[in-house]
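Worksheet: the structure to be examined is printed underneath.
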Amino acid sequence: MSDISRNSNESKSPQIAAADLYDGEPAAKETSGKGSLGGSLFATGVIAFLGLLLETVLNVLFPALMSDFGISMGQVQWMTSGYLLVVSIIMPLSSFLNRRFTFKALFLFSTIALLIGVLVSAVAPNFTVLLIGRLIQSLGAGISTPLMFNIIAEQAPRQNLGRFMGIGALVIAIAPAVGPTMGGVFDEFLSWRWAFIAVIPFVLISMAVGMRSIRQSHPLEKVSLNTASLILLVLGFTCLIFGFGQGGALFGSSASALQITMVVALLVFAVIFLVAFVRVSQRAFSPLIRLGVLKSKAFRWSFIAFGLFQFASLGLGYVIPNFAQLGLGTSSLISGLIVVPGTIIGAIFAPLGGLVLDKFGAKRPILIGTAIALLGTVLFSVLGSSSSVIGLGAFYLIYMLGFGLAYANTQTYGLSNLPREFNSDGVALMNTLQQLAGSIGMTILSAIITVSEVGTKQGSKAFASATSVGAGWAFTVIAAVVLIALGVEFAAHKKRGTATPDAETVRASEAERVERVSAKVAAVAAE
């Protein structure tokens with residue numbers, strides 16, 4: 001129970017108390033090593049950025065891969081599905097890894113995995129070797145992003161936490177948008193292999209900086225891996241990802257009864273395995289993720305809003321370039337460049353939004369930012385399908401301005417309502433949801449566009465018109481998702497009817513769980 005009971009009698013600083021945001025816990029004391037937060041953030045941020053970049057950069061290079069290796073679209077999709085599956089399994093493990101291994105050890109593993117993966121992919125003689133390299137990359141990507149946020153949550157000064165979380169959010173905001181642009185450049189002027197070669201120097205530089213800068217700020221725990229939870233999680237996520245993936249592929253084709261049955265079965269089994277994962281976690285001494293963090297109302301609502309934002313952002317990242325190429329007839333390079341101005345604005349406003357949070361609290365930047373993001377998606381919904389490239393870029397810029405203000409601050413606010421020793425569990429949940437929400441979003445939106453294109457021939461005017469119609473419906477769905485996110489954000493900031501802080505509610509819930517498990521073990525031993 002050492003990870004549950006904790007003394008936190010420190011008083012709030014005036015600035016934090018005025019914001020009424022944090023639980024008053026001091027920054028964790030350094031337990032070993034010398035280093036700098038700036039160097040640590042740079043090193044882990046670069047690796048996390050490259051991991052997310054590689055997740056999206058190949059999306060526009062699929063035709064080149066299909067041509068070079070003589071494979072089908074169904075085969076090349078494994079580059080995305082396999083990568084996503086491994087990342088989605090690794091991220092929930094980040095809480096266990098954070099308690100069991102040092103920051104520096106996790107960082108070294110993630111950089112080596114990423115480096116080996118890109119080297120294997122860059123020289124791959126066939127698609128099988130390329131896929132193996134891709135899966136090795138995903139091991140590094142799955143560790144690096146939670147690691148970055150865990151370091152920030154533990155080591156950043158509490159009065160500046162919003163600013164540092166905003167800086168960390170630059171990785172999340174920029175990488176998925178830069179990926180298609182870089183992919184378009186490689187497709188236009190070089191080879192798909194350069195998508196891997198280009199990142200090697202950055203991995204090496206990051207490794208050198210990280211090994212000098214990263215320090216340990218919490219004691220390690222002798223926790224054991226809960227094998228049953230891990231197996232259920234792997235089975236649940238596998239069924240969920242492939243269920244949605246195959247479900248999207250059914251649209252626009254003459255799906256057989258067997259195919260439909262298989263999709264339904266995969267999704268049903270996904271629900272069964274994930275519910276069983278929750279039950280096992282509640283009965284385990286050392287669960288992969290301490291789900292008691294969801295007892296915090298502010299974290300729970302922020303967690304949902306975080307996922308909805310990711311659905312919208314990756315959805316726009318998918319719909320805009322596809323609509324531009326297939327509906328407006330632009331090149332892959334131009335379709336990638338459309339999102340660059342908005343990406344820059346999002347990058348600027350993420351840390352600015354954090355500064356606003358540090359000074360005035362979380363409510364203003366989050367609600368204002370979400371409202372601005374909603375305006376951008378409404379413009380997409382009403383005007384996007386009949387708009388020009390310039391219009392698409394302008395609407396995306398408005399969306400990213402709001403996204404920059406709200407997205408990182410939503411995560412910061414949610415985590416700040418947890419006890420500090422449970423931050424790694426909150427980070428694990430949010431980053432896992434980030435991957436799943438993006439995958440589900442792209443599957444749903446691609447299905448909408450595919451249905452609209454049924455009966456038309458690619459390259460024809462009818463096909464372009466049908467793509468425009470489908471994009472219009474996809475934009476409408478995205479606007480509806482952001483509208484729901486706005487309502488959820490209001491719920492997260494609604495005044496609570498209890499005087500008990502969320503942090504203490506989480507501690508009490510987890511203490512009760514451990515006591516319950518201990519009592520059962522004692523009862524079995526007595527028998």
Side-chain angles (χ1 to χ4, degrees), residues 32-58 61 79 83 86-87 90-91 94 97-98 101-125 129-152 155 164 167-183 185-187 189-217 343 347 431:
S32 67
K34 293 182 178 180
S36 69
L37 179 58
S40 301
L41 184 54
F42 170 83
T44 55
V46 168
I47 297 301
F49 175 87
L50 294 176
L52 291 170
L53 180 74
L54 289 170
E55 187 174 342
T56 57
V57 72
L58 288 186
L61 298 175
M79 293 289 288
Y83 190 96
V86 174
V87 170
I90 291 295
M91 283 189 172
S94 62
L97 296 174
N98 182 66
F101 301 101
T102 65
F103 285 152
K104 190 169 288 188
L106 293 174
F107 173 76
L108 184 61
F109 179 87
S110 66
T111 52
I112 290 175
L114 191 63
L115 183 61
I116 293 174
V118 296
L119 287 172
V120 170
S121 297
V123 300
V129 175
L130 176 63
L131 181 59
I132 291 172
R134 181 79 161 161
L135 296 180
I136 296 173
Q137 294 164 34
S138 64
L139 292 174
I143 291 175
S144 58
T145 302
L147 176 63
M148 176 183 65
F149 283 112
N150 280 327
I151 289 176
I152 294 173
Q155 300 180 3
F164 280 99
I167 294 172
L170 293 181
V171 172
I172 308 299
I174 297 177
V178 172
T181 304
M182 285 188 61
V185 171
F186 293 136
D187 187 40
F189 301 109
L190 297 168
S191 159
W192 59 265
R193 295 183 188 274
W194 280 93
F196 303 107
I197 296 171
V199 308
I200 294 174
F202 298 99
V203 176
L204 295 175
I205 293 171
S206 175
M207 183 184 296
V209 174
M211 295 308 291
R212 288 177 59 87
S213 303
I214 294 175
R215 62 181 174 85
Q216 189 65 19
S217 54
T343 300
N431 281 283

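Quick note: numbers below take in every heavy atom, side chains included, and nothing from hydrogens, waters or symmetry partners. All residue numbers in this chain count up from 1 along the given sequence.
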Leu119 vs Leu115 side-chain heavy atoms within contact, under 4.5 Å:
yes
Taking atom CE of Met148 and atom CD1 of Ile143, what is their separation to the nearest 0.5 Å?
14.0 Å
Minimum-distance pair of heavy atoms, taken over all atoms of Phe202 and Val46
O-CG1, 3.9 Å
Got a second to check how far Ile112's CD1 is from Ile136's CD1, nearest 0.5 Å?
12.5 Å
Closest heavy-atom contact between Lys104 and Met211?
NZ-O, 3.0 Å
Rounding to 0.5 Å, atoms CZ (Phe49) and OG (Ser206) come to a distance of 12.0 Å
Closest non-hydrogen contact found for Ser121 with Arg134 is OG-N, 3.5 Å
Quick one: pull up CD1 in Ile205 and OG1 in Thr111 and give me the separation to the nearest 0.5 Å.
13.5 Å
At what distance, to the nearest 0.5 angstrom, does CG of Leu41 lie from CD1 of Ile152?
4.5 Å
Work out which heavy atom in Ile47 is nearest to a heavy atom in Ser110; give both atom names and the distance.
CG2-OG, 4.2 Å
Value for OG1 (Thr44) from CD1 (Ile151), rounded to nearest 0.5 Å, stands at 4.5 Å
For Phe196 and Ala122, which heavy atoms make the closest approach, and how far apart are they?
CB-CB, 4.0 Å
In short, Leu106 meets Leu97 closest at the heavy-atom pair CD1-O, 3.7 Å
